[in-house]
There are 2 protein chains.
Amino acid sequence: MATIQDVAREAGVSISTVSYALSGKRSIKPSTRDRVLDAASRLGYLPHASARMLAANRSQIFAVTAPLHTDTDHSAHMVFAMEVTKAARTHGYDTLLLVDDDVSEGMRRSAASSLADGIVVLDVDAHDPRADLARSMTYPTVFIGIPADTTGLVCVDLDFEAAARLAIDTLVSAGRQRIGLVSHPLETMQRESNFPLRFRDGFAAHAAELGLEAPVAYPVEHRAHEAVAQLLAAQPDLDGLVLNTSVDVASSVTAALAEHGRSVPQDVAVIAAGVTFSTERFAVPFDTIPLDARASCSVAVDILARIVDDNLTAPETTLIPPTYITRGSVSPTGAAVTTGT
Amino acid sequence: MATIQDVAREAGVSISTVSYALSGKRSIKPSTRDRVLDAASRLGYLPHASARMLAANRSQIFAVTAPLHTDTDHSAHMVFAMEVTKAARTHGYDTLLLVDDDVSEGMRRSAASSLADGIVVLDVDAHDPRADLARSMTYPTVFIGIPADTTGLVCVDLDFEAAARLAIDTLVSAGRQRIGLVSHPLETMQRESNFPLRFRDGFAAHAAELGLEAPVAYPVEHRAHEAVAQLLAAQPDLDGLVLNTSVDVASSVTAALAEHGRSVPQDVAVIAAGVTFSTERFAVPFDTIPLDARASCSVAVDILARIVDDNLTAPETTLIPPTYITRGSVSPTGAAVTTGT
DNA sequence: CTGTTAGCGCTTTCAC
DNA sequence: GTGAAAGCGCTAACAG
């Protein structure tokens, strides 16, 4: 591997000139700069990562902690990890994966050894131990997800409360007043995984504000069957359904409703909200308020990069406003169904 | 952050003694060693990663390339990435995630800058560009998956051919001779994703050896419906079904068969083979020949660590023998169904 | 605008 | 069994 020495020799300049020509941290006469750049590319020179880290006291690496619970959606996880990685690359950072049993120890280790310049925390529970850890470490850390106590933490997430409100308001505008929510399995809720709770509570709160009774069902066995039956028992005239649930459950909702003789959207309007999957290929595609991994991750990484690079302090919590995608699963009560082109 | 200097001072020894006491690379009088260890833990000392990397010319980092195709199973991906990471940690390595559009450039970059000591390649296609890249780089690289041309590469994977044979032989032993295969979507096959091809070809070859006609169907829309119909058209007396397919398809097989009045395992015995998901919670759990991420990843990482640490040359291809898990979806023709406890 | 040089914090000879 | 010291390849003062 070529070193900066080789490039300097090849270009007939000193190593500091090479360093500055490549980093742009001070102005270099264009002609010498070109000679350096030439020499560098001729030799296929790339700075030795460790040497640069040591000298600059910066690793250009972000650690990502993504514990794998039995009930977490690995697929969503991967997408988040990947999006964090992509966003990090645009800022010149690579990402290190911290695992499972090792999350706390891994966070401590990567901080204490200066392995990473900052940490991105994924899949945050309401009472996530990583929250206290982050508070005790004074190490640049950004949470994607919101723990119960955000004091002193930097958090980014979709505004799930607003998403729940948007879902309800959209249904109400379409004349749907008998609304139910299919949430996540009780197992997930009991773990106090943060966003299912926030969504459900936001949903309940806004329904109460509007004076709506709005039953909530927690699916079992990754199917919508029981949850839908439960909602229909509580709300026999159900005409609006909000799904903040897994892809398996969501994809079986139309069939579950059909078993009770209800069709989408004629009888029941459906909105999937705060979900990472696409409903595009469902039998009936659902209107969606997406949990956009790219959006959250890119905002989170931008913030982290700003903290590390420009050592700015960041806002405590950044909520990403929900967006709405229409796919035809919500029509006004009794209205004719229009099909897209 | 405490440095090795601090520890040396605290323990009243030289820094080289500290280094050796901690690395164990030469013998230190137990009493001084204990003093050093004490001082280190008292100060919460952890070696500065970059400094160690530079001096030792080793980053203790493996890069992991895991491109995300539109048709790849993100969930399986995450599990592999995590398992690689866990295995790497047991050897004292961390893992860096290399993304998507960036895989080739990322591999080059992490090699040229000595960012990583080795590379683990996931989700390998038959004609994966990363194969040629690896051949041209002389950088410690292990493929989890097997490209068409393995010359000069180190590859690890489940023995899919053996898995296909095992599936067929098991069905035949149970008196099932009219066997079909539900494979992956044509999109995946056309991309020449390696293992679906190897499984299908192994399946076809062994069926031919046994003189069995064995139709293959490629699902569409992530459902078993059409594929099952197709197999029944080709093989009206179908009594054995091998699934090397995605979880969505597999989970809808029992229902698809029911639509044609066939039950599992009475009419049709079913084996899921070379799959990462569990069929435990299916309506009818299927016998499974798992594609065990942990097994593949741990073998692959062991090999990579051996190459890097002990600079051993590795065997070209390591095939992991299939294992069989019984869940009651295969019973001899006409036999009574026995239920597990 | 460019060059010289002092580190960054470790590992590892080399000397005792 | 221990210590002194020479780097590892860069970055960033400092000096022109």
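Letters A, B, ... are given to chains in the order of the sequence lines, protein chains preceding strands, and every chain is numbered from 1.
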key: Contact check, side chains of A:Cys297 and A:Ile144, non-hydrogen atoms, under 4.5 Å   = yes

key: Pairs meeting criterion salt bridge (Lys or Arg N to Asp or Glu O under 4.0 Å) with involvement of residues 296-309 of chain B, two or more places apart   = none

message = Quick one, A:Arg42 and A:Glu10 - any side-chain contact, counting heavy atoms below 4.5 Å?
response = yes

inquiry  = Once salt bridge (Lys or Arg N to Asp or Glu O under 4.0 Å) is applied, what residue pairs with a partner in residues 132-157 of chain B remain, sequence neighbours excluded?
reply    = B:Asp132-B:Arg135, B:Arg135-B:Asp149, B:Asp157-B:Arg198

task = Using five base pairs at each end, measure the axis-to-axis angle across the helix from C:dC1-D:dG16 to C:dC16-D:dG1 and round it to 10 degrees.
result = 40°

inquiry  = Is any side-chain heavy atom of B:Ile61 closer than 4.5 Å to one of A:Leu96?
reply    = yes

ask   = What does nucleotides 9-16 of chain C look like as a protein-contact string, B for base, S for sugar-phosphate only, - for none, at under 4.0 angstrom between heavy atoms?
value = BBBBBB--

task = Scan residues 48-70 of chain B for pairs that pass salt bridge (Lys or Arg N to Asp or Glu O under 4.0 Å), counting only residues two or more places apart or in two chains.
result = none

Lys/Arg N to Asp/Glu carboxylate O, A:Lys86 vs A:Glu83, below 4.0 Å = yes

query = Hey, what do you get for CD1 (A:Ile307) to OG1 (A:Thr141), rounding to the nearest 0.5 Å?
reply = 8.0 Å

query = Is the closest side-chain heavy-atom distance between B:Pro67 and B:Arg130 below 4.5 Å?
reply = yes

message = Please report the distance, rounded to the nearest Å, between CZ in A:Arg9 and P in C:dT4.
response = 14 Å

message = One thing to verify: whether B:Asp6 and B:Arg9 come together as a salt bridge, which I'm taking to mean a side-chain N less than 4.0 angstrom from a carboxylate O.
response = yes

request  = Go through DNA chain D in 5' to 3' direction and return only the first and the last nucleotide with some atom under 4.0 Å of chain B's heavy atoms.
outcome  = D:dG1 to D:dG9

